[in-house]
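Below: the structure, in structure tokens.
Chain A is the first sequence line, chain B the second, and so forth, proteins listed ahead of strands; every chain is numbered from 1. Values reported hereafter were calculated over all heavy atoms of this structure, with side chains retained and with hydrogens, waters and symmetry mates removed.
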Amino acid sequence: MATLTYRDALNQALREEMQRDPEVFLMGEEVGVYQGAYKVSRGLLEEFGSKRVVDTPIAELGFAGVGVGAAMGGLRPVIEFMTWNFALLALDQIVNSAAKMLYMSGGQLKMPIVFRGPNGAALQLGAQHSQAWESWFAHIPGLKVVAPATPADAKGLLKSAIRDDNPVIVLEGEMLYNTKGDVPDGEYLTPIGKADLKRTGTDVTLVCHSKTVALTLKAAEQLAEQNVSADVLDLRSLRPMDEAALLESVAKTNRCVVVEEGWPHAGIGAQVVDIIQRDAFDQLDAPVLRVTQADVPMPYNKQLERLAKPSPEKVVAAARRVLYLD
Amino acid sequence: MATLTYRDALNQALREEMQRDPEVFLMGEEVGVYQGAYKVSRGLLEEFGSKRVVDTPIAELGFAGVGVGAAMGGLRPVIEFMTWNFALLALDQIVNSAAKMLYMSGGQLKMPIVFRGPNGAALQLGAQHSQAWESWFAHIPGLKVVAPATPADAKGLLKSAIRDDNPVIVLEGEMLYNTKGDVPDGEYLTPIGKADLKRTGTDVTLVCHSKTVALTLKAAEQLAEQNVSADVLDLRSLRPMDEAALLESVAKTNRCVVVEEGWPHAGIGAQVVDIIQRDAFDQLDAPVLRVTQADVPMPYNKQLERLAKPSPEKVVAAARRVLYLD
Amino acid sequence: MATAAVSAKDTKAQAELHRRMLRQMLLVRRFEEKTAECYALGKIGGFCHLYIGQEAVGVGSLAALRDDDYVICSYREHGQALIRGIPPGAVMAELFGKATGCSGGKGGSMHLFDAARHFMGGHGIVGGHIPLAAGLAFAAKYRGTDQVCICYFGEAAVNIGAFHEALNMASVWKLPVIFLCENNRYGMGTAFERVAAVTDVAEHACSYDMAAELVNGMDVLAVYEATKRAADRARKGGHPTLLEVRTYRFMGHSMSDPLHGVYRTKEEVEEQKKRDPITQLAHKLKDDGVLDQAAIDALDTEVHAEVEAAVKFADESADPAPEALTMHVLAD
Amino acid sequence: MATAAVSAKDTKAQAELHRRMLRQMLLVRRFEEKTAECYALGKIGGFCHLYIGQEAVGVGSLAALRDDDYVICSYREHGQALIRGIPPGAVMAELFGKATGCSGGKGGSMHLFDAARHFMGGHGIVGGHIPLAAGLAFAAKYRGTDQVCICYFGEAAVNIGAFHEALNMASVWKLPVIFLCENNRYGMGTAFERVAAVTDVAEHACSYDMAAELVNGMDVLAVYEATKRAADRARKGGHPTLLEVRTYRFMGHSMSDPLHGVYRTKEEVEEQKKRDPITQLAHKLKDDGVLDQAAIDALDTEVHAEVEAAVKFADESADPAPEALTMHVLAD
Ligand SMILES: Cc1ncc(C[n+]2csc(CCOP(=O)(O)OP(=O)(O)O)c2C)c(N)n1
Ligand SMILES: Cc1ncc(C[n+]2csc(CCOP(=O)(O)OP(=O)(O)O)c2C)c(N)n1
Ligand SMILES: [Mg+2]
Ligand SMILES: [Mg+2]
């Protein structure tokens, strides 16, 4: 067990999997010579050479497609998007090629490919560089979607993703890269599809993932000071989603708030709500409320940006509302 | 009032708006010489000339961007996607340029552009050509999203969309183009953001839009035979969504089924569920259930495709479940 | 037997190659004619794009490749699927959506697959499979095999970004890939010159420092020779090639589109039919004394029977079981 | 006064033009130096890409255009914004995220806009604004104005599909647009030759039957003349042009990136700085007897004060009101 940053945990996962399996390679903009736009791939070019750490032109659609083709040819590509904002250009390859290849070939062509990179807003990057795509990718059958919140999960989920025979979307976070945590050495796999109960409580379930885990834990602390005890459930995997864990927690607390970084309308939280009200209807003592980004393109101004983002205060307020405390 | 096909209603809307406003033009693949892949633009090239009915290369990203640029330059483009499946290639322009331009320019550049074309599955077109994108587009602030179900709404919503100063996504349906209905002559505008109550009942609210309206109406008939009386609410607009109409109906029926063509996980129906459970929690006598496409890429085989799609039978079954009849 | 091993100087082997090419072209022609019939009868659904008129392109090019070379196509791929050796029954069964189809009935006309034969599918998004081809070639190079990947696409795909992104990467990374553009002059109802600033597709190779050739697609032997050169370039030095093969489709864009109309005249189609690649090769074989008319007729009868058998097989095959709906969404 | 009306033979007017160009280059340089300072102080956030080293490109090209011609840029657009005449205060206030900023504080460094000045924004997705430029030119042509659109982008954008799709349409439709590629040799940390099969961007014009020129981007007058020719071509015949302007960025890719390191050496940067476009023009003006050193120093002092005033303005301006958060999502 070592204390690592989220960045280094990802780096370790990549390094270990590349050492373990010669068919794993990394491709993306600036992943090699520049050591990664966010330094996730630091040292990999030196260790594995330019055959396996491939700098690409700025051509998201094209290199995503090259990755899919390479997976059809039996390799296990890890495709880095400098940020998921740019992956908008590559959606045709992710959705129409990667996600559907196994199905439309009648089961002949598996698709062991990982698409990864930072998702969601960082700080003051403005409207085009501050988008969270959970609900879009989670919508697509044929994909798996994970969003690790901690260094340990970053390592464990990325390693699982690389070994998975399906296309896995790994949503990281620029604001998470510097966060630190304990990370088990060597072989450490986090199963895809399992949520993680970060804190146990009795009064309300707070559902979160990725960057919103930290702020939700803060909210839980503030709530504790107000004598409200919260379950904090980190979804970790958005497709498949751990419905059992959701229902188990809500069965206990009878109340739920769902926190997400993305926009509200048809966001991933709506699906969480759908599952809970469908399968725990009789256990709910209040509607499930959601805390999301404001329904606006992200503004550049720092104050406005802060207003737009989910915050511990907003989570506390929502939790108090489902507890009918306000 | 004339009886027109949905196709001809769209054609009439385009023609009237192009006659009314010289800054409206139509651009897309095959819209001119070929008269439209689905003949929606029949006769327009002849009437308005190649300046205003513009055949494009197969370059969805590019011509969507040309449309956005033309709107920045003060025109009112109508961009036809041969089908919305191909618009996956153009999402960067729709989301990052069209939807955000007004906001990130601090209110300087309005974006009066329409993107339109058939959405969702037709018959046996296979995995890459059978996708319904409601939840993706409805997720994006800065867009409006409509999905007309009838010839009258096709005309009325398209005309409203063209006159709107915001980017409007018009989701049509290949399987709807041949359907017929009464269409008011001349000036006829359907407001964006208003649902339409297609049938009134007391026992259950059936929410639907676009192609699912017809099958939901069939389901309502079958339910009537079983002594179940259903409100059938056609959303028509998916962003903004007519929350008042939803809540009004559910306040009456206390039960709800949401029908959609798309995939279940984070589909548009999840947002409908979210709204209802949030604002009508105390009025609900049962969980809201959803009828969606199966959570699979669309198979080519006819029987499998039928199994994959929503059907009146599935809606009836869901309605009976929320009424605890089964 | 790998065709590439056939010496062009060996007359007998050459005659056999030509005979085989004629047979393949006839098979594709008869298969597609039957497909049109079956479509009209409602046995085939969805979009269905025939290869009639373009047979020489698939036949000539695939004859120049090895069985383990990758083949990847657009939605207009019935021809290449048959030529690559997928049994006509499995192809027809796929068009019928049957469980015995080469994609288990789940792909359909636009998504024929046979991974064992390195037939990496028909793909429905224009240009979308061009980067996949580069990726297959990347995999071959990565593994150090000397496989080549051939990628078929229409001229209209040249206007889409994916084509350019893929060509650039293939050239920068020296990938063993042959980009074969079947320039049949129209994308649906749009003549290429109305939507392309430069109508010589091969010109685009300059922007990517890539070898290119302009080839007569009605001459199966010209296609064969050009592809052999391209395959050599790819196999030996990992150099990609852009082949522009001029051809013509004798039918409508798909089964739902008219043969001619506003976008091209009946006369033009008739004129082009005089260049029928099958007739041309048949003439040559007769001239060369390789086959006489009776032998050609016999070949035709043979493939005819093969197509009938394929239809029978497809007809008699079962639909996929309902459970197939949720299978293969994910690999376990 | 439209610069295009200045006769090159009129020495006085020419001297005035050159003086103005020097002043603009100095303004941009000093503004960007101050931007770097303010960024270090935390007054500016997010990504921030400086124009230092490339000033001659924006100054020379915009001098050749009319005030009603459209300008559209990538995220590296502070220079063009200032040159187009957006008050430095409004630009700096935007970088500070203030309500008085040219985008109301909602755009930031990458999204400067001034619709009244036909400055159609900085855009953050590489290549994404190239089709927009074609669209602006389309609008000009549609309305029958003789406006031209100029579009600035880096050489790395040439590898992305949008560039190709836009160039093809601009050529097919004869749109009055100037595609100006600022080839500064690097896209972030990637040297162009590592990711482009052909490093002469101008070569791509052949594929689109488009006029092209290779221009020395350290020579403001060369940029001016080439842009004038391109603007003429666009305004008179609606012919697009691809200008490849060779330049160099003296700073890191953005404020968060190193000036040099693994991807380029310190020596290379120092060597390039000897070609500083400002020094070159200053020398020329001295040689021509248009300005002496004192006059140049005075200009510099002048723009310095202008930049200080801009910072003061930005500093003293207010943040947008909280209500601004939900304004301008939709037009009413
Ligand atoms: C991205 C995309 N846009 C539009 C279509 C619809 N479409 C299918 S085939 C076709 C024409 C393609 O022409 P070409 O590439 O020349 O191939 P051909 O059909 O002539 O073989 C079009 C527009 C599509 N499948 N994909
Ligand atoms: C589609 C896309 N991919 C990646 C990025 C991240 N990115 C921003 S600038 C840049 C380099 C662009 O280089 P170039 O086009 O040469 O312009 P320069 O920065 O040199 O002016 C990259 C990779 C982006 N903004 N958009
Ligand atoms: Mg064609
Ligand atoms: Mg550059």
TODO: Go through the atoms of B:Ala294 and report whether side chain, backbone, both or neither lie under 4.5 Å from a heavy atom of chain C.
DONE: side chain
Task: Per-residue contact mode, B:Thr56 against chain C (heavy atom under 4.5 angstrom) - done: backbone
Give, as side chain, backbone, both or neither, the part of [X] having an atom under 4.5 angstrom from any heavy atom of chain B.
{"X": "C:Ala191", "result": "neither"}
{"X": "C:Phe96", "result": "backbone"}
{"X": "C:Met110", "result": "side chain"}

Specify which of [options] makes the most heavy-atom pairs with chain B at under 4.5 Å.
{"options": "C:Gly128, C:Gly124, C:Ala156", "value": "C:Gly124"}
{"options": "C:Ile160, C:Val329, C:Leu325", "value": "C:Leu325"}
{"options": "C:Val126, C:Leu330, C:Val158", "value": "C:Val126"}

TODO: Begin from the C-alpha positions of C:Tyr263 and C:Tyr186 and carry the test ring-ring contact (aromatic ring centres under 6.0 Å, His included) through to its verdict.
DONE: CA-CA 9 Å; C:Tyr263 75 99; C:Tyr186 298 93; 5.3 Å; yes
Task: Flag for B:Asn11-B:Arg7: side-chain donor and acceptor within less than 3.5 Å - done: no
Task: Side-chain donor-acceptor pair present, C:Thr190, B:Glu30, cut-off under 3.5 Å - done: yes
Task: Which of B:Asp55, B:Leu123, B:Leu89 touches chain C most, by non-hydrogen pairs under 4.5 Å - done: B:Asp55
- [ ] For the residue pair B:Phe81 and B:Phe115, categorise the inter-ring angle as parallel (less than 30°), tilted (30 to 60°) or perpendicular (more than 60°).
- [x] parallel
TODO: Assign the ring pair C:His49 / C:Tyr75 to parallel, tilted or perpendicular, where the plane angle (0 to 90°) is split at 30° and 60°.
DONE: tilted
Open item on the list: Apply side-chain hydrogen bond (donor to acceptor under 3.5 Å, both in side chains) to residues B:Glu172 and B:Tyr38 and explain how you reach the verdict.
Closed with: CA-CA 11 Å; B:Glu172 305 165 0; B:Tyr38 298 101; over 6 Å; no
Open item on the list: Checking side-chain hydrogen bond (donor to acceptor under 3.5 Å, both in side chains) between C:Asn184 and each of C:Gln272, C:Arg246, C:His253, C:Gln54, which is the one that passes?
Closed with: C:Gln54
